[in-house]
Amino acid sequence: ELETMEAFLEVAESIKKKDVLLKVWAKQVRDLSYNIEDCLSEFMVHVGSQSFLRRLMKLKDRHRIAVRIRDLKARVEEVSIRNTRYNLIKAEASNTTGDMDSHMEDVRNHSASNIDEAELVGFSKPKKELIKLMDVKTEEGTAKVVFVVGMGGLGKTTLARKAFESKEDIVNNFSCQAWITVSQTFSKIEMLKDMIMQLFGNEDLKKRLKELEGKTVQVDDLARYLREKLQEKRYFIVLDDLWTIDAWGWIKDIAFPTTNIKGSRIIVTTRDIGLAQQCTSKSLIYHLEHLHIDQATNLLLKKIGKTDEETKSDERMLNVISKIVNKCGGLPLAILTIGGLLATKVVEMWESIYEQIPSELGTNPSLEAMRRMVTLSYNHLPSHLKSCFLYLSIFPEDFEIKRRHLVDRWIAEGLVRASGGVNVEDVGIGYFNELINRNMIQLSKVNVEGIVKSCRVHDIMRDVMVSISRDENFVHLVGNSEASIIEGNFRHVSYHGSKGQNIGMDWSHVRSLTMFGERPAEPSPSVCSTNMRMLRALDLKNTLFKIRQKDINNIGLLCLLKYVDFKGPSYIYALPKSIRRLRGLQNLDIRDSYIVALPTEITELHSLRSLRCSRWAPYSSRWSKTNGVGVPRGISKLKELQILEVVDINQTSKKAVKELGELIQLRKLSIVGKGRFADQKRKILYLCAAIEKLSSLRSLSLDVGSGSLEWLHNVSSPPALLKKLKLLGDLGGKMPEWVGSLKHLVKIHLEWSRLKEDQVTEMLGKLPKLMLFSLDSYAYVGKKLVFRAEAFVNLRKLSIDITYPLTEVRFEKGASPKMELIEFSDGDLKSEIIGINHLPVLKQISLGRKGRVANLGMLQAEVDKHPNNPVLQLEGDLQRA
């Protein structure tokens, strides 16, 4: 029954937009499917009980579940009868939704065509760059395809139109031109007719259709004619608003002659970066950027008919304009739409209009074009991405969302489904990247490898997302002005704002609770209330209050929990023994608590994939300075564990240390062992042996402070796939020999290592994939650090922080050819940074608040004459030698 419901909802999703009655019914079916999933999940937990005594104790629960199943069956019958009564699903219902999609595309085209060219600012430079990329002067070779990509409403169509209508660059250089709108739905025959008419004239089209008179016009008839006519032409065609690879494949194969070498050009606009990358080379993809703040402000002022002088003299107007520009996030369509609304109102009403934008997006006809631009992208998402996208409405406006955090939550909620032995995390990361590629979310931070680590959601995109989530009872946001009684069975609740509002609602269906604000007041449930039996995710890492021990004492009653994040600082000093009941728990984060050691019960959580724990060390002599926690014997039972941090080796028994080697799926391990650890020879032997066994390990961190790490030289065969290595401790003046064999190592951070120059250049300089090299306190004890020719061939970033007695950093010709960023945070380079002219792709040199270099003026002069135009960034109020 549940599978049938899910299949129906997938079909209904595509057709409910044009049938209000069906939309209501689909909402009821979705709510029922959620309840069935909850019932099945609860049933499986109780069936999983091991002992006979425990099964007897759960007879009452089983009876309750049986009654619930009976009620759900009755509801299924009722919903089925309702469909028959109103004839909601018709035979043709599964067909594509041409009418509504066509209407949405009409709105899109209408909004684009109504943007007065004179109104737009910030398009002069993109136009020049696009035409340069097309290289229109080269009149030979096969057709060059250039893609313009960006989110909806950014002005891709306007930019392409500006290029298309450029007489000097296009009209005078090509014998024929055509502008074709592709969109999500298009008729192949009508498209071919349109292309023939635009390229060769209406008379030519009439002539061809007359030749075909008396027979049914076929796609092949028109396509063959088009290819023959284009064979000897130098043509310029714009394909506006491409959505699928299938559409591109058809157009490319059937309409364009492959043997034409006249230097023709094709521009394609799309929202999907991934689609563009499949269709052309990366060098031929033009990424249209959002407007800068000053450009956006000028565009808004032009739309509302105000001058810069007028706004500066009116503080209220200036404040509202600043808010609106920030909300629009450099999106021309949003600026022009909201600006058009403000232009008809007095200035005194602007603040109120701004505050109402999120709620008005769904109902105000003046904002229809803006909403449609977002919903067009949303409706085109495959069904598995729609829930993942709506899930983002949990997070506050302009919140930086970490990829790992988001993907782990998706997995815990069952939104990511892997099959065929594919790693579920890899599938979830694929979902994340697809949303990035489709311009549904915006990348925020990218690491040195070019991997997106965090994202943000555009304000306008988020407003529409929140509206859809609310309509579908998916996410309920609790703000500062909240009604006391909430109607509807919301599955996800998120507290925002500074006030802990008290809300009354049915918590028995809530699957996730996320808090960004203060502690909720009564009658809202406590953090681990038994009212939330269906809870899968409990995320309190961003609260404005500290979690107390009594807040989590009932956590064992929330048997369906899969994701728990109590990242502090918190007042938690022990995990309750009842945590053993959370058999399905996959992620547990209790960093920055007062916990000294994890309980034995943690070893019964066989589904754990990520276990993060660390001890908060306030400035008090009562507490140890270490920031790790002890792990118990039996840790080897956690066969699914991939992340384990931070293990305090001093608080962990020799047996448990030995067991670490049996965690064969472990990808990230972080260990601290300060003080007397170096004297525990047996434990060190066990740890060395464990490290050698962890063949899946990608990240290893070992921190013994200023203590000895010389025992690392005894490791004979390190994890071959290691990508990140962090070593804090005395290595005895040289790197372990095995580090030189780490062919996949990308990042290395060293502190207290006391290395000499030959150790840097001879060993680390030969690592083929090393991109980030970080040196901290006493990591290097030489006065000069020389990067020699043909060393560090892949290094992108060098970070140096407190490296006394270092006084000079020098780059020889041929060293570090890919170096982009040099950070010097703390220290005194009396002989400055020498040889930056040998770094061809250098982008930035950053000097921290305590980073001093000799002759800053000379360094600035070197930077100014560098051919790559790098930036010298000085942080804070600096005094330089």
Side-chain angles (χ1 to χ4, degrees), residues 127-128 130-148 157 159-183 186-242 245-270 275-276 278-281 283-286:
K127 176 190 170 184
K128 290 178 183 177
L130 179 59
I131 290 175
K132 181 181 179 182
L133 185 61
M134 288 192 295
D135 186 22
V136 295
K137 300 298 182 183
T138 302
E139 299 184 9
E140 58 184 23
T142 56
K144 180 182 286 189
V145 182
V146 175
F147 271 72
V148 179
T157 299
L159 175 59
R161 178 71 71 181
K162 278 178 168 286
F164 181 76
E165 294 177 350
S166 174
K167 186 173 181 180
E168 180 184 349
D169 297 299
I170 304 301
V171 178
N172 294 341
N173 284 295
F174 296 88
S175 58
C176 54
Q177 303 92 35
W179 179 284
I180 305 298
T181 299
V182 184
S183 295
F186 65 91
S187 164
K188 294 179 179 179
I189 286 182
E190 292 305 316
M191 177 182 284
L192 291 170
K193 286 180 181 179
D194 193 18
M195 290 179 75
I196 293 170
M197 184 180 71
Q198 290 191 51
L199 290 165
F200 311 117
N202 196 36
E203 292 301 318
D204 206 283
L205 175 61
K206 288 180 179 178
K207 178 183 175 183
R208 180 55 181 161
L209 292 177
K210 191 170 183 180
E211 292 172 359
L212 297 172
E213 202 171 314
K215 61 176 284 189
T216 304
V217 178
Q218 299 292 330
V219 168
D220 288 343
D221 296 324
L222 296 177
R224 191 182 310 110
Y225 178 75
L226 179 61
R227 287 196 303 272
E228 290 172 358
K229 292 279 287 184
L230 286 177
Q231 183 59 49
E232 298 302 321
K233 299 282 187 180
R234 187 175 192 230
Y235 56 86
F236 181 86
I237 296 174
V238 174
L239 299 174
D240 186 35
D241 203 25
L242 184 73
I245 188 69
D246 291 339
W248 166 249
W250 178 82
I251 296 169
K252 176 174 65 74
D253 293 341
I254 206 165
F256 303 134
T258 55
T259 54
N260 182 305
I261 54 172
K262 301 290 185 180
S264 298
R265 297 292 184 267
I266 301 167
I267 289 180
V268 185
T269 70
T270 182
L275 172 61
Q278 292 181 68
C279 299
T280 193
S281 64
S283 62
L284 294 178
I285 297 176
Y286 185 82

Ser175 side chain to Arg234 backbone, donor-acceptor under 3.5 Å:
yes
Within 6.0 Å of NZ in Lys193, more than 12 heavy atoms from elsewhere:
yes
Under 4.0 Å between a Lys/Arg side-chain N and an Asp/Glu carboxylate O for Lys262 and Glu139?
no
Is Arg265 reaching over with its side chain to a backbone N or O of Ile170, donor-acceptor style, under 3.5 angstrom?
no
Hey, is the main chain of Leu242 close enough, under 3.5 Å, to the side chain of Thr270 for a donor-acceptor pair?
yes
Closest non-hydrogen atom pair, Met134 against Ile267
SD-CD1, 3.3 Å
Residue pair Arg208, Asp221: steps toward the side chain to side chain contact (heavy atoms under 4.5 Å, CB included) verdict
CA-CA 9 Å; Arg208 180 55 181 161; Asp221 296 324; 4.2 Å; yes
Please examine the side chains of Phe147 and Tyr286, heavy atoms only from C-beta on, and report whether any two atoms are closer than 4.5 Å.
no
Could you grab the distance from atom CD of Glu203 to atom NZ of Lys210, nearest 0.5 Å is fine?
10.5 Å
Is any side-chain heavy atom of Val238 closer than 4.5 Å to a side-chain heavy atom of Ile266?
no
Output, in order, the C-alpha distance, side-chain angles, deciding distance and verdict of side chain to side chain contact (heavy atoms under 4.5 Å, CB included) for Val145 and Leu284.
CA-CA 7 Å; Val145 182; Leu284 294 178; 5.8 Å; no
Taking C-beta and beyond as the side chain, do Phe200 and Lys233 meet within less than 4.5 Å on heavy atoms?
yes
Test your reading of the model: is there a side-chain donor-acceptor pair from Gln198 to the backbone of Trp179, 3.5 Å cut-off?
yes
Contact summary for Leu192 and Ala223, nearest pair of heavy atoms:
CD1-N, 4.0 Å
I'd like to check Ile237 versus Leu199 (side-chain heavy atoms, cut-off strictly below 4.5 Å). Are they in contact?
yes
Determine whether Lys128 and Lys132 make a side-chain contact, defined as any pair of heavy atoms from C-beta on separated by less than 4.5 Å.
no
Check residues 251-259 and write down every donor-acceptor pair under 3.5 Å in which the side-chain atom is one partner and the other belongs to a residue at least two apart or another chain.
unit_1, atom_1, unit_2, atom_2, d
Thr259, OG1, Gln231, OE1, 3.0
Thr259, OG1, Gln231, NE2, 2.8

The reported gap from CE in Met197 to CD in Glu190 (rounded to nearest 0.5 angstrom) is 10.0 Å
What heavy-atom pair brings Leu130 and Leu159 nearest, and what distance separates the two atoms?
CD2-CG, 3.9 Å
Has Ile261 got more than 12 heavy atoms of other residues, nucleotides or ligands less than 6.0 Å from its CD1?
no
What's the spacing between Glu168 CD and Asn173 CG if we round to 0.5 Å?
8.5 Å
State which residues pass ring pair (Phe, Tyr, Trp, His ring centres under 6.0 Å) with Tyr225; sequence neighbours excluded, sorted by chain then number.
none
Side-chain donor/acceptor of Asp241 to backbone N/O of Val182, under 3.5 Å
no
Measuring from atom CG of Asp194 to atom CD1 of Ile189, what distance do you get when rounded to the nearest 0.5 angstrom?
13.5 Å
Any side-chain donor near an acceptor of the partner, Asp240 and Thr157, under 3.5 Å
yes
Cationic N near anionic O, under 4.0 Å, Asp169 to Lys137:
no
Taking C-beta and beyond as the side chain, do Cys279 and Val268 meet within less than 4.5 Å on heavy atoms?
no
Calculate, to the nearest 0.5 Å, the distance between atoms OH and CZ belonging to Tyr235 and Phe174 respectively.
10.5 Å
Between NZ of Lys162 and CD1 of Ile131, what distance do you get to the nearest 0.5 Å?
10.0 Å
Under 4.5 Å between any side-chain heavy atoms of Lys144 and Asp135, yes or no?
yes
Tell me, do Phe186 and Ile180 make a side-chain contact under 4.5 Å, heavy atoms counted?
no
